[in-house]
4 protein chains.
Amino acid sequence: MKRQSSKQRKRGTILQAASALFSDRDYHLVLMDDVATRARVGKGTLYRYFPTKEALYIATVLDAWERVRVEIEEVFRDESRIGENLETMTRRVLTFFWPRRHFIALLRDSMENPEWRRAHEAVVLLVESELEREGLVGSLPGVDLRMAVELFLGMLRAALLYRDARSRPETLAHLIVKLYLDGIRGLSAGGPDAIAPGAITAGLVAAALEEPVED
Amino acid sequence: MKRQSSKQRKRGTILQAASALFSDRDYHLVLMDDVATRARVGKGTLYRYFPTKEALYIATVLDAWERVRVEIEEVFRDESRIGENLETMTRRVLTFFWPRRHFIALLRDSMENPEWRRAHEAVVLLVESELEREGLVGSLPGVDLRMAVELFLGMLRAALLYRDARSRPETLAHLIVKLYLDGIRGLSAGGPDAIAPGAITAGLVAAALEEPVED
Amino acid sequence: MKRQSSKQRKRGTILQAASALFSDRDYHLVLMDDVATRARVGKGTLYRYFPTKEALYIATVLDAWERVRVEIEEVFRDESRIGENLETMTRRVLTFFWPRRHFIALLRDSMENPEWRRAHEAVVLLVESELEREGLVGSLPGVDLRMAVELFLGMLRAALLYRDARSRPETLAHLIVKLYLDGIRGLSAGGPDAIAPGAITAGLVAAALEEPVED
Amino acid sequence: MKRQSSKQRKRGTILQAASALFSDRDYHLVLMDDVATRARVGKGTLYRYFPTKEALYIATVLDAWERVRVEIEEVFRDESRIGENLETMTRRVLTFFWPRRHFIALLRDSMENPEWRRAHEAVVLLVESELEREGLVGSLPGVDLRMAVELFLGMLRAALLYRDARSRPETLAHLIVKLYLDGIRGLSAGGPDAIAPGAITAGLVAAALEEPVED
DNA sequence: AATGAATGAGTTTTCATTCAT
DNA sequence: TATGAATGAAAACTCATTCAT
């Protein structure tokens with residue numbers, strides 16, 4: 001059962017090489033030659049496993065999301081008390097990405113490609129379900145649950161991208177989760193007033209709109 | 001009101017064309033020909049103002065950051081009560097970027113280039129000083145002020161990237177600021193306990209470390 | 001009579017700037033911008049005096065040959081005893097080009113352009129007539145006078161191109177002229193035997209010819 | 001007879017194509033596309049063997065010098081009587097270049113590039129050693145051996161560049177060598193007087209010096 | 001099945017020439 | 001008449017993809 005076919009194993013090797021490269025530098029700075037060299041296969045072999053460079057890239061990103069999903073799912077499988085799961089997951093994700101700093105770059109443009117969107121969605125849903133299970137956001141007036149999760153993930157990304165030498169994944173995980181949960185609780189306590197949009201200067205909106213969007 | 005030299009005006013025209021293109025698609029999918037066509041100048045003219053394509057790109061990103069900084073600075077110039085400024089700023093930034101959705105892509109990898117890092121830093125410092133002025137984070141035990149700001153910006157980015165058709169900048173601004181401020185206040189109230197890192201499975205860390213970072 | 005029109009003066013200025021540049025580096029490394037800058041005129045002005053870059057280059061080379069011709073002619077105008085004139089001329093030419101080392105580069109490809117060929121020819125004829133007047137080569141059996149002159153000029157070029165720090169124009173002039181005249185005298189003394197071509201290995205010629213000339 | 005690796009053979013093919021083109025027209029008039037077409041390889045292949053156009057050009061010139069050196073060395077390997085070798089070599093070089101008239105253009109600016117200078121030097125040394133072996137120039141008072149060789153090569157170049165339809169390599173070889181050797185012998189017979197520089201008009205030197213070198 | 005040499009379409013960049021001021 | 005900003009045709013070079021071995 002565990003034995004992968006030699007084919008699958010080589011595919012994995014290539015994917016791993018591509019991951020390392022794509023998360024380190026921009027798509028167009030990674031040459032197929034580089035991938036082949038790193039994976040220790042001939043360049044032609046790459047094309048036996050992935051029809052184009054883009055296909056390889058897409059597979060790489062999907063694979064990255066999948067790893068995150070698995071990482072998170074594992075945590076959520078065991079039942080614990082509220083708040084505990086979220087922090088464990090956060091800690092785990094941060095720890096996983098800690099030595100793969102640039103790996104996060106692969107998770108960025110997730111909306112462009114339908115497959116990526118789906119992979120991103122899967123993670124969002126997972127976190128969403130957890131938040132709901134913990135009774136945190138379900139009843140918030142006017143708050144979009146999906147967006148609430150995205151905000152949370154946004155903080156995770158920021159933490160990974162802008163951490164400094166003294167940062168520790170555990171400390172950051174605790175910080176982020178506490179901040180987030182307290183914030184969320186504040187929202188639900190705030191009542192209808194909480195979502196009052198606040199007056200916005202008509203002029204500002206007008207200005208923003210009159211300037212041609214596309215240029 | 002201030003008359004710009006013809007030179008500055010043309011530079012601006014080119015920058016605007018480049019912005020539109022670079023925020024719509026990837027660097028390598030934007031041809032200098034495209035920029036020239038859009039800016040309605042000859043290709044050679046591009047090179048009179050920017051020595052290379054990369055220089056043009058860098059200038060474009062710097063310009064984007066500068067616009068954001070100006071946007072924010074304007075708000076922070078007038079004194080108001082706590083929370084008000086932050087929300088106004090957030091609303092303003094969101095509104096500014098609302099019709100320039102992909103523009104945010106330009107602000108991403110800000111750490112790669114020293115100039116970008118500096119531009120990013122300038123914005124972070126601005127927000128930081130505001131948070132401090134409002135007495136929000138200065139006294140937080142164990143919380144890195146810089147990181148606190150990055151987390152906030154991370155939510156802003158997420159909001160812009162993953163907003164849906166029903167999202168409104170004002171609503172999101174209110175949501176984010178409330179969540180953030182409540183969370184921050186919770187942290188300062190939490191005391192030393194708040195930053196207890198929480199036990200982390202030794203195995204997890206070990207696993208993360210033993211796996212070659214580079215793969 | 002001496003007053004040149006302002007037009008002629010400016011033409012001269014441009015030509016001088018072009019000379020300095022073209023003799024220092026290859027044609028395609030000299031930009032019209034450089035010439036304009038050096039001549040302290042606008043780029044457009046260049047085109048009022050020379051229709052194209054190539055025309056400017058051609059004029060530059062012609063001008064260089066003309067300077068050499070004038071230099072030589074002056075010497076040949078006054079009558080002296082045999083050998084004296086040739087050495088004086090040689091000394092003069094070497095001295096003239098001494099500080100203009102690369103200038104000689106301008107005089108190279110003289111066969112390509114009909115005007116250059118004519119200018120080159122004029123100098124050759126001048127030297128030729130001098131050699132003949134001195135009774136040196138006129139009666140040589142089987143020796144092409146024209147070629148005899150070219151061989152002499154070939155040594156001049158070599159002297160200028162490959163001189164070293166210790167070389168002095170006067171010493172070289174003396175050396176070259178003495179070597180040349182003694183050589184020439186030897187030829188005329190040698191009799192018909194002197195020009196027996198010497199057997200050439202048939203194989204060598206064959207080999208040279210069978211290899212496609214154009215490759 | 002010696003089987004070259006396919007790699008070396010293709011390199012040779014490219015070099016040959018480049019030679020033909022570069023000796024026919026100026027560097028900048030030879031397009032990499034032309035070279036590729038003539039060598040019957042794809043443009044990319046050119047760059048697999050030579051990193052830049054300039055590198056290809058440099059290699060072409062080096063190759064030309066190398067051919068000449070080999071040509072000369074072969075002659076000098078067998079011992080013969082004085083004067084014989086020099087004429088044989090000259091004949092051989094002239095014969096070799098006879099159908100490759102423009103090829104000589106490749107050997108021109110040999111001082112610019114250190115590698116070229118070395119290649120040029122190698123040929124000079126070869127001839128130099130032959131002259132010395134024949135006891136021709138070693139004892140010349142005040143005559144720079146190196147320069148003596150350069151003068152000789154200067155005549156060779158002139159012969160190739162300015163030959164006409166009736167010229168024959170054997171005749172020219174005989175002429176040049178006789179002229180040269182008689183001249184050289186005259187020098188050694190001339191005694192110290194021979195190198196008296198001859199008075200030079202102070203005014204001329206002054207004029208040469210005062211005129212800005214750079215114009 | 002695996003390889004890596006060969007390919008050429010596609011890009012950036014240069015610079016002689018023009019022309020509005 | 002003189003200028004130099006603007007232009008775009010032309011040229012070097014790259015790299016994903018193919019295919020003979």
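Per chain, numbering begins at 1; letters A, B, ... match sequence-line order.
Comparing D/Tyr47 and C/Val41 along DNA chain F, the residue whose closest nucleotide (by nearest heavy atom) sits nearer the 5' end is C/Val41. Of the two residues contacting DNA chain F, namely D/His28 and C/Arg48, the nearest-nucleotide position lying further toward the 5' end is that of C/Arg48. Remark on DNA chain E: of its neighbouring residues A/Lys10 and D/Lys10, the 5'-side contact belongs to A/Lys10, judged by nearest-heavy-atom nucleotide. Between B/Asp33 and D/Gly42, the residue anchored closer to the 5' end of DNA chain E is D/Gly42, taking for each the nucleotide with the nearest heavy atom.
Contacts of residues 51-59 of chain B with DNA chain E (heavy atom under 4.0 Å): B/Thr52, B/Lys53.
As judged by a 4.0 angstrom heavy-atom cut-off over every strand, A/Val30 is placed among residues touching the sugar-phosphate backbone only. Within 4.0 Å of B/Tyr49, counting heavy atoms only, lie sugar-phosphate atoms of the nucleic acid but no base atom.
In this structure, D/Lys53 is not positioned above the aromatic face of D/Tyr47 in the sense of NZ or CZ being under 6.0 Å from the six-membered ring centre and within 45° of the axis.
Atom-to-atom, CE of D/Met32 to P of E/dA9 comes out at 17 Å; the value is rounded to the nearest Å.
Contact of the B/His120 side chain with the B/Arg117 side chain is not registered, since no non-hydrogen atoms from C-beta on lie closer than 4.5 Å. D/Glu54 is listed as a side-chain neighbour of D/Tyr27, based on a closest heavy-atom distance under 4.5 Å.
For E/dA2, neither phosphate oxygen OP1 nor OP2 lies less than 4.0 angstrom from any side-chain nitrogen or oxygen of A/Lys43.
Here the straight-line distance linking atom CG of C/Leu15 with atom CZ of C/Phe22 works out to 10.0 Å at 0.5 Å rounding. Taken to the nearest 0.5 Å, the CZ atom of A/Phe50 stands 4.0 Å off from the CZ atom of A/Arg11.
For B/Glu66, the CD atom is densely surrounded, since the number of other residues' heavy atoms within 6.0 Å is greater than 12.
Pairing of F/dA20, defined by two Watson-Crick or G-U wobble distances under 3.5 Å, is identified with E/dT3. When both pairing distances are held under 3.5 Å, F/dA11 makes a Watson-Crick or G-U pair with E/dT12.
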